[in-house]
2 protein chains.
Amino acid sequence: MPATPRRVTQRDIARLAGVSQATVSLVLNNRADADVRIAPETRDRVLRTIAETGYAADPVARRLAARFNRIIGVFTYEPAFPSGSRDFFHPFLLGIEEYAERAGCDLLLFTSAPVIDGRRRIFHQDNRLRLADGCILLGREIDAAELHRLNRDGFPYVAVGRRDDAGGPVPYVGADYATAVGELVGLALARGHRRLAYLNTDLTAESSADRRRGFVAASTAAESARHLTTVAAGADAILDDLLAEGTTVAFVEDFATAVALELATRRRGLSVPGDLSILTLGDPTVPVPSDLAFTGFRIPREEMGRQSVEVLAGVIDGSAVGVQQRLLPCQLVEGDTLGTP
Amino acid sequence: MPATPRRVTQRDIARLAGVSQATVSLVLNNRADADVRIAPETRDRVLRTIAETGYAADPVARRLAARFNRIIGVFTYEPAFPSGSRDFFHPFLLGIEEYAERAGCDLLLFTSAPVIDGRRRIFHQDNRLRLADGCILLGREIDAAELHRLNRDGFPYVAVGRRDDAGGPVPYVGADYATAVGELVGLALARGHRRLAYLNTDLTAESSADRRRGFVAASTAAESARHLTTVAAGADAILDDLLAEGTTVAFVEDFATAVALELATRRRGLSVPGDLSILTLGDPTVPVPSDLAFTGFRIPREEMGRQSVEVLAGVIDGSAVGVQQRLLPCQLVEGDTLGTP
DNA sequence: CATGGATACTAATACGTATTAGCGATCGAA
DNA sequence: TTCGATCGCTAATACGTATTAGTATCCATG
């Protein structure tokens, strides 16, 4: 029982200004269509009354009547203000907030989403999804069933990161990993590398698949281009494998793995990039201490955040035609870990 | 025009289950009062229909009718995901999010609040404040006029950080700066310091006033306890002043100033804490590079965030009686910058 | 003076839920 | 048989806004 002492409504304004509630609404919304006209003096009177009372429209009623709110939902599959992967997701949120502010939108964080079967769920009893005009989905892995449902319900949304179809194409703003990895491969080939290896981590996420695809497509000119799975394999075992096969450059999906690999190499008295080049394929997802500047690329996270809001706004107001899918270029980083074989 | 294809409503459920809309609502809300009864078989039928259709209550309509939402507004006088002072405000948000998740609440970030006269405003045309059940105010300086208005409107809110009265007492969860500074003064006195100086920054914020109060109250046993204002004064000028007066320990409000002062001291060939002890009064508000471990105290930011949501929840549901004001203890940090005079 | 067309509004309704007063049916007791 | 009492539910209404159809008034024109 919030001690709400009857707030000011349009009806109050109407009574004070001697007009109807409808007129107040029309004035507020600046309606000046052909079939709706308000005399200037009436308009002024209403506006003055509004100013005097400090009236502000009830966003709830507004939304119920007009089905539109200027509120953007943000669903994060990890905590929105995370401690662990904080540094990775923070830039996305930064961009989202920046554009939302510019667009005059508020952000609704669905922190109440419960974790079921080890994963946060959008659709739970009592979800507040529809309070927002649309929503942005953030997280490494997004549940396909939930995308299906969003598509089916026709609820406007945009995923941050490319997503496979889920009962229809999924609108997204992603990073062009395939191209970025391809460019790195090109760089390595140009330096004379011929025996490449790609170190997998994840096997399901789209971002992972895109990187692999880029690697495969670009490494046709190589003598050998192998895949290794780093899951549950120690850095030393991997290093053994690489050296045994005469690999000269490793493309490492997971940043932490790259750091561990470099450490293992150094422990054997070998050097990076003297004996082995190591390339990273994106920013660290967990904070990893390393004073080494890896060669690789950077994900345009902030820009992805910004553009996801931009795209969503277009979808909501109907100005966007068709399904919106954008891939932004990654930025190559020239570090110290790519040498000659 | 969001292509919303008519969502499922209680009326649809009612029609399918052969009951009235009111009955559906009653079942959903688990009402079993004396004057409202639903036969078990009816209840089951309704629940089954709900499950089949995947119905979820419209939070907007719910709020409009029931005036209560499980949404907590968060108003930040700085950007919520800031880059500059990010490290300072982040822990508050972390705590807020953590408790909100536990309480099953969503968070509404008022990113749309416009900047007027160099300050963000809660109350602007079209503010979405009332969408939330209550709100949390975060920021170094909070506009007193807006607090007045919140009080007048009876809108539930809690400030993070102690606030002076503004048209009535302000509910808050703050840090007990006075006690913390007092303890530091006690520490210095125990080490034999007798000539103390307090370096001011801000003159208006409550957090600043509290620190000063703690200093004054605790330093009665000192030979001299002076105030210096660091605004617009260079570190060298301050150092001159301190040395001229034979000051042996400086209590520095602003972290960056402490760093600058230490640097200036070292540049003169003097040492900290050999020639001058420097104590800090809280965490850095902007990232300052320093490899020195200052003696001072830490603000329980995360806990403040958590408890502010807890307090707000109590205010909203009416379980809290009277105005809620909490001061949490700060944690003393034994660093390397307090020596003997 | 009738007609038509602007002009300036208002009445009514929709949005989807929660709440409350009240109604018909059934049952037990007098 | 009648009079409550209880049970199980529904009708009606409120919440505060946006929208649309429609109405009353006025003015110009033929």
Side-chain angles (χ1 to χ4, degrees), chain A residues 1-2 4-15 17-46 50 53 55-70 125-131 133, chain B residues 1-2 4-15 17-46 50 53 55-70 125-131 133:
Chain A
M1 57 202 75
T4 317
R6 269 289 285 112
R7 61 183 308 240
V8 182
T9 71
Q10 286 187 0
R11 212 177 27 225
D12 300 326
I13 305 289
R15 200 165 19 75
V19 296
S20 73
Q21 174 266 322
T23 303
V24 176
S25 174
L26 294 175
V27 168
L28 270 170
N29 294 5
N30 242 320
R31 291 279 303 268
D33 315 28
D35 54 342
V36 169
R37 293 155 181 285
I38 306 289
E41 55 232 86
T42 307
R43 175 181 301 273
D44 287 349
R45 193 150 31 91
V46 171
I50 288 175
T53 55
Y55 165 86
D58 182 335
V60 180
R62 195 215 259 316
R63 164 77 174 162
L64 186 60
R67 45 203 349 108
F68 147 77
N69 228 348
R70 299 198 82 71
Q125 189 65 359
D126 219 72
N127 73 75
R128 253 91 59 183
L129 189 62
R130 308 206 80 98
L131 237 151
D133 294 338
Chain B
M1 54 203 74
T4 316
R6 271 290 286 112
R7 61 182 309 237
V8 182
T9 70
Q10 286 188 358
R11 204 162 49 208
D12 300 325
I13 306 289
R15 200 167 17 78
V19 295
S20 73
Q21 174 267 323
T23 303
V24 177
S25 174
L26 294 174
V27 168
L28 270 170
N29 294 4
N30 242 320
R31 292 277 304 267
D33 316 29
D35 53 344
V36 170
R37 290 154 183 286
I38 307 288
E41 53 234 82
T42 307
R43 175 181 302 274
D44 287 348
R45 195 150 28 90
V46 171
I50 289 175
T53 55
Y55 165 85
D58 182 337
V60 179
R62 195 215 257 318
R63 164 75 175 168
L64 186 59
R67 44 201 350 108
F68 151 76
N69 228 350
R70 299 198 81 71
Q125 189 66 359
D126 221 71
N127 73 76
R128 253 93 57 184
L129 189 62
R130 308 207 78 100
L131 235 156
D133 294 338

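Just the heavy atoms: all of them, side chains too, but no hydrogens, waters or symmetry mates, feed the values below. Chain letters run A, B, ... following the sequence lines, proteins first, then strands; residues in each count from 1.
- The distance from atom CG of B:Leu28 to atom P of C:dT19 is 12 Å, rounded to the nearest whole Å.
- Note on B:Ala57: only backbone sugar-phosphate atoms sit closer than 4.0 angstrom, heavy atoms only; bases stay farther off.
- Distances shown here put every side-chain N or O of B:Arg63 at or beyond 4.0 Å from the OP1 or OP2 atom of C:dT17.
- The interatomic distance linking B:Leu26 (CG) with C:dT17 (C1') rounds to 11 Å, in whole Å.
- The side chain of B:Asp58 lies closest to C:dT17, out of C:dT17, D:dC9, D:dC7.
- Atoms CG (A:Leu131) and C1' (C:dC15) sit 14 Å apart, rounded to a whole Å.
- Straight-line distance from the CZ atom of A:Arg11 to the P atom of D:dC15: 6 Å, rounded to whole Å.
- Taking side-chain N and O atoms only, B:Thr9 has no distance below 4.0 Å to OP1 or OP2 of C:dG16.
- Here the side chain of B:Ala65 is nearest to one of C:dG16, D:dC9, D:dA18, namely C:dG16.
- In this entry the distance linking CZ of B:Arg7 with P of C:dA14 reads 19 Å, nearest Å.
- Closest approach to the A:Ser25 side chain among D:dA18, C:dA12, C:dC9 is made by D:dA18 (side chain taken as heavy atoms from C-beta onward).
- For the pair B:Val19 and B:Ala66, nearest-nucleotide mapping onto DNA chain D gives the more 5' position to B:Val19.
- Across the protein-nucleic acid pair, A:Arg130 atom CZ and C:dC15 atom P stand 14 Å apart, rounded to whole Å.
- For the pair B:Val24/B:Val19, a side-chain contact is recorded, criterion being any heavy-atom separation below 4.5 Å from C-beta on.
- Here B:Ser20 does not reach the OP1 or OP2 of D:dC9: none of its side-chain N or O atoms lies under 4.0 Å away.
- Phosphate proximity of D:dC9 to B:Thr42: present, with a side-chain N or O under 4.0 Å from OP1 or OP2.
- B:Arg7 has no carboxylate O lying under 4.0 Å from a charged side-chain N of B:Asp12, or vice versa, which leaves the two without a salt bridge.
- For the OP1/OP2 pair of C:dA18 and a distance below 4.0 Å, the side-chain nitrogens and oxygens of B:Gln21 include no atom meeting the criterion.
- Position along DNA chain C of the nearest nucleotide to A:Glu41 versus A:Leu64 favours A:Glu41 as the more 5'-ward residue.
- With values rounded to the nearest 0.5 angstrom, B:Thr23 atom OG1 is found 11.0 Å from B:Leu28 atom CG.
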Chi angles and distances behind the side chain to side chain contact (heavy atoms under 4.5 Å, CB included) call for B:Asn29, B:Arg62: CA-CA 11 Å; B:Asn29 294 4; B:Arg62 195 215 257 318; 4.2 Å; yes
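- Looking at A:Arg128, its side chain never comes within 3.5 Å of a backbone N or O of B:Pro59 through a donor-acceptor pair.
- Taking atom CG of residue B:Asn29 and atom C1' of nucleotide D:dC9, one finds them 16 Å apart after rounding to whole Å.
- Residue B:Asn69 contributes atom CG, which lies 18 Å from atom P of D:dC15 at whole-angstrom precision.
- When distances are taken from the side chain of A:Ala61 to each of C:dT17, D:dG16, C:dT10, the shortest belongs to D:dG16.
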